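What follows is a set of notes on a single structure, which appears directly below.
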Amino acid sequence: NPFAEMVSGRSAREMIGRHYLEFVHHNERDEVQSAVDRGLEGDPVSENERLLVTRDGERKTIRWRSVVLRGADGSMEGLLTVGADVTERRESEAQLERTAAELAVLKERLEEENVYLREEIRAEHGFEDIIGGSDALLYVLHKVRQVASGDTSVLILGETGVGKELIARTIHDESPRSSGPFVVVNCAALPPNLIESELFGHERGAFTGAERQRRGRFELAHGGTLFLDEVGELPLDMQPKLLRVLQEGETERVGGTETISVDVRVIAATNRDLNAEMEGGRFREDLFYRVAVYPITVPPLRDRREDIPLLVQHFVKHFAQRRGVRIDEIPAEVMRLLQ
């Protein structure tokens with residue numbers, strides 16, 4: 001029939017009178033013969049996929065469905081077999097499987113390379129992104145190692161620009177929570193009327209403009225670390241709510257009644273003198289003792305000038321590569337001026 005002619009590339013005249021197994025791939029002839037025999041023995045329906053060899057030697061996948069034909073008296077008269085060419089579909093499925101397998105291998109390889117590179121950097125420098133070898137910096141890194149393995153709240157103290165967030169990220173990266181999120185909240189950059197929503201989230205319709213539910217930063221940091229930068233800027237009326245989360249591990253969205261449990265390690269930072277803030281009534285004493293369980297003071301660069309040559313070499317190499325130039329050395333006079 002026309003279908004057989006189309007998929008085989010042979011005319012009906014060429015096929016009539018020849019055994020059907022001639023057109024079946026040699027690896028499947030025994031199975032096809034067995035299926036036909038079962039059909040001729042009375043199996044009412046038989047369905048399978050087989051390889052068909054065209055005139056040009058091309059292999060096609062055909063889905064066959066056979067029905068037993070019987071006479072009026074119930075006697076068997078033969079088989080009616082219809083087919084559908086599913087070659088392209090099966091090739092597409094096979095290609096998708098191969099692609100998925102290749103992507104899985106590539107993903108695994110990238111993960112392995114990422115782990116290797118991270119470990120290589122750690123082995124060489126001790127910590128990623130932290131450059132220096134002064135006693136002051138090594139003491140900070142010693143304290144980081146001490147506190148990283150636990151869940152203790154940390155307060156990082158230091159002037160603006162000393163790298164408090166970098167120290168916080170390092171504590172997170174060295175902790176058992178390193179695979180979890182590291183969420184940053186800059187308390188000084190948030191308007192007072194939005195801080196509560198940012199920290200704890202809100203329900204739809206909680207206030208004007210709240211068109212959809214939003215999760216707060218505490219929820220987003222679940223299983224990881226929340227870094228509260230410039231915590232000394234937190235409004236006084238917001239401090240009891242923060243204290244409750246730190247004490248009980250529970251929060252509620254603005255406009256909501258559901259209590260949400262959160263598993264978050266809090267690292268806070270400030271450039272303010274919180275003792276003076278407490279004396280002035282601008283920072284709660286109970287909150288201070290909750291966030292300052294383990295204080296770390298990061299010294300400014302002027303107190304660790306021996307780190308400047310290492311930093312200069314690092315940045316010179318970095319920017320030289322970006323600009324495509326080569327810089328072999330820094331004149332001693334230039335380095336002296338920088339220090």
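As a basis for the values below, the full set of heavy atoms in this structure was taken, side chains included, without hydrogen atoms, waters or symmetry mates. Not measured: the values here are computed from a predicted model.
Taking CG from L311 and CG from L301, the interatomic distance works out to 6.0 Å, rounded to the nearest 0.5 Å. Atom CD of E279 sits about 8.0 Å away from atom CG of D273, to the nearest 0.5 Å. Rounding to the nearest 0.5 Å places CG of D30 at 11.5 Å from NE2 of H26. Taking CG of L287 as the start and CG of L246 as the end, the distance is 6.5 Å to the nearest 0.5 Å. Note: E165 CD to I267 CD1 = 10.5 Å, rounded to the nearest 0.5 Å. Taking CZ of F283 as the reference point, atom CG of L274 lies at 5.0 Å (rounded to 0.5 Å).
Heavy atoms from other residues, nucleotides or ligands lying under 6.0 Å from CZ of R18 number more than 12. Within a 6.0 Å radius of CD in E22, more than 12 heavy atoms belonging to other residues, nucleotides or ligands are found. Around the CD atom of E333, the shell of radius 6.0 Å holds more than 12 heavy atoms that belong to other residues, nucleotides or ligands. The local environment of OH in Y139 is sparse, with at most 12 non-hydrogen atoms from other residues, nucleotides or ligands closer than 6.0 Å. Enclosure of atom CZ in R305 is not indicated, since only 12 or fewer non-hydrogen atoms of other residues, nucleotides or ligands lie within 6.0 angstrom.
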Next on the checklist: Checking R284 against L236 for the side chain to side chain contact (heavy atoms under 4.5 Å, CB included) test, could you report, in this order, the C-alpha distance in whole Å, the side-chain angles of both residues, the deciding distance, and whether it holds?
Outcome noted: CA-CA 8 Å; R284 291 176 61 105; L236 195 59; 4.2 Å; yes
Item to check | Step-by-step side chain to side chain contact (heavy atoms under 4.5 Å, CB included) determination, V154 to I156 | outcome: CA-CA 6 Å; V154 179; I156 303 174; 4.1 Å; yes
Checklist entry - Do Q247 and R290 pass the side chain to side chain contact (heavy atoms under 4.5 Å, CB included) test, and can you show the C-alpha distance, the side-chain angles, and the key distance before you say yes or no? => result CA-CA 8 Å; Q247 288 178 333; R290 177 62 65 173; 3.3 Å; yes
Next on the checklist: If you apply the rule side chain to side chain contact (heavy atoms under 4.5 Å, CB included), what do you find for I260 with E252, and how did you get there?
Outcome noted: CA-CA 6 Å; I260 302 168; E252 291 180 3; over 6 Å; no
Checklist entry - Would E31 and R50 satisfy salt bridge (charged side-chain N to carboxylate O under 4.0 Å, His left out), going step by step from the backbone distance to the final call? => result CA-CA 9 Å; E31 293 184 24; R50 301 297 177 197; 2.6 Å; yes
Checklist entry - What's the verdict on side-chain hydrogen bond (donor to acceptor under 3.5 Å, both in side chains) for T54 and D56, showing C-alpha distance, side-chain angles and the deciding distance? => result CA-CA 5 Å; T54 69; D56 299 328; 5.1 Å; no
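In this structure a side-chain-to-backbone donor-acceptor pair under 3.5 Å is missing from S197 to G201. At distances below 3.5 Å, at least one donor-acceptor pair connects side-chain atoms of R29 with backbone N or O atoms of L21. Of the possible donor and acceptor atoms, none in the side chain of K164 sits under 3.5 Å from a partner among the backbone N and O of V298. E14 places a side-chain N or O within 3.5 Å of a backbone atom of S11 that can act as its donor or acceptor partner. Side-chain N or O atoms of S8 include one that pairs as donor or acceptor with a backbone N or O of A4 at under 3.5 Å. D85 places a side-chain N or O within 3.5 Å of a backbone atom of T87 that can act as its donor or acceptor partner. In terms of modelled atom types and a separation under 3.5 Å, the side chain of R10 and the main chain of E5 share no donor-acceptor contact. Listed for the R169 side chain is no donor-acceptor partner under 3.5 Å among the backbone atoms of L166. In terms of modelled atom types and a separation under 3.5 Å, the side chain of E230 and the main chain of T270 share no donor-acceptor contact. In this structure, S178 contributes its side chain and E174 its backbone to no donor-acceptor pair below 3.5 Å.
Within the 4.5 Å cutoff, the side chain of L155 has no heavy atoms near those of the I296 side chain. The closest side-chain heavy-atom distance from Q95 to T99 is below 4.5 Å. Contact check for T81 versus V36: no side-chain heavy atoms found under the 4.5 Å cut-off. Residues L69 and M76 are not in side-chain contact: their nearest non-hydrogen atoms beyond the backbone lie 4.5 Å or more apart. Taking the side chain as every heavy atom from C-beta outward, N275 and M278 approach each other to under 4.5 Å. By the 4.5 Å heavy-atom criterion applied to side chains, Y289 and L243 are not counted as neighbours. V162 is not listed as a side-chain neighbour of N271, based on a closest heavy-atom distance of 4.5 Å or more. Counting heavy atoms from C-beta outward, R217 and L226 have side chains that approach closer than 4.5 Å.
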Which atom pairs, donor and acceptor, lie under 3.5 Å between side-chain atoms of residues 180-191 and protein residues at least two apart or in another chain?
unit_1, atom_1, unit_2, atom_2, d
N186, OD1, A188, N, 3.1
N186, OD1, A189, N, 3.4

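Between E91 and K60, none of the side-chain N atoms (NZ, or NE/NH1/NH2) sits under 4.0 Å from a carboxylate O, so this pair counts as no salt bridge. Under a 4.0 Å N-O distance rule, the pair E102/R98 does not qualify as a salt bridge.
Here the rule is side-chain contact (heavy atoms from CB on, under 4.5 Å) with V312, and of I330, V334, D307, I131 only I330 fits it. Here the options are E203, H202, E198, the test is side chain to side chain donor-acceptor pair (under 3.5 Å), and the partner is R214; only E198 passes.
At least one test fails for K241 against the ring of F200: distance under 6.0 Å to the centre or angle within 45° of the axis.
Between E306 and P309, the shortest heavy-atom contact is O-CD, 3.4 Å. For the residue pair R304 and S134, the shortest heavy atom distance occurs at CB-OG, 3.4 Å. Closest heavy-atom contact between P295 and K143: O-NZ, 2.9 Å. The two residues L234 and Q239 come nearest to each other via the heavy atoms O-NE2, 3.1 Å. Taking both residues in full, the closest heavy atoms of E250 and S261 are given as CG-OG, 4.2 Å, listed atom of the first, atom of the second, then distance. What you find for P299 and V140 is that their closest heavy atoms are CD-CG2, 3.7 Å.
Pairs engaging residues 261-272 under the salt bridge (Lys or Arg N to Asp or Glu O under 4.0 Å) rule: R177-D263, E233-R272, R272-E277 [sequence neighbours left out].
Under a hydrophobic clustering in which Ile, Leu, Val, Met, Phe, Trp and Tyr are joined whenever their side-chain heavy atoms come within less than 4.5 Å, directly or via other members, V231 and F218 fall into the same cluster. Following chains of ILVMFWY side-chain contacts shorter than 4.5 Å, one can reach M238 starting from V245, so the two form part of one hydrophobic cluster. Note on L137: it clusters hydrophobically with I171, by side-chain heavy-atom contacts below 4.5 Å among ILVMFWY residues. Tracing side-chain contacts under 4.5 Å through hydrophobic residues (I, L, V, M, F, W, Y), one never reaches F227 starting from F288; they form parts of separate clusters. Hydrophobic clustering, with ILVMFWY side chains joined whenever heavy atoms are under 4.5 angstrom apart, keeps I167 apart from L157.
Remark: K317 engages no residue in a salt bridge (charged side-chain N to carboxylate O under 4.0 Å, His left out) (not counting sequence neighbours).
Between the side chains of D37 and Q33, at least one donor N or O lies within less than 3.5 Å of an accepting N or O.
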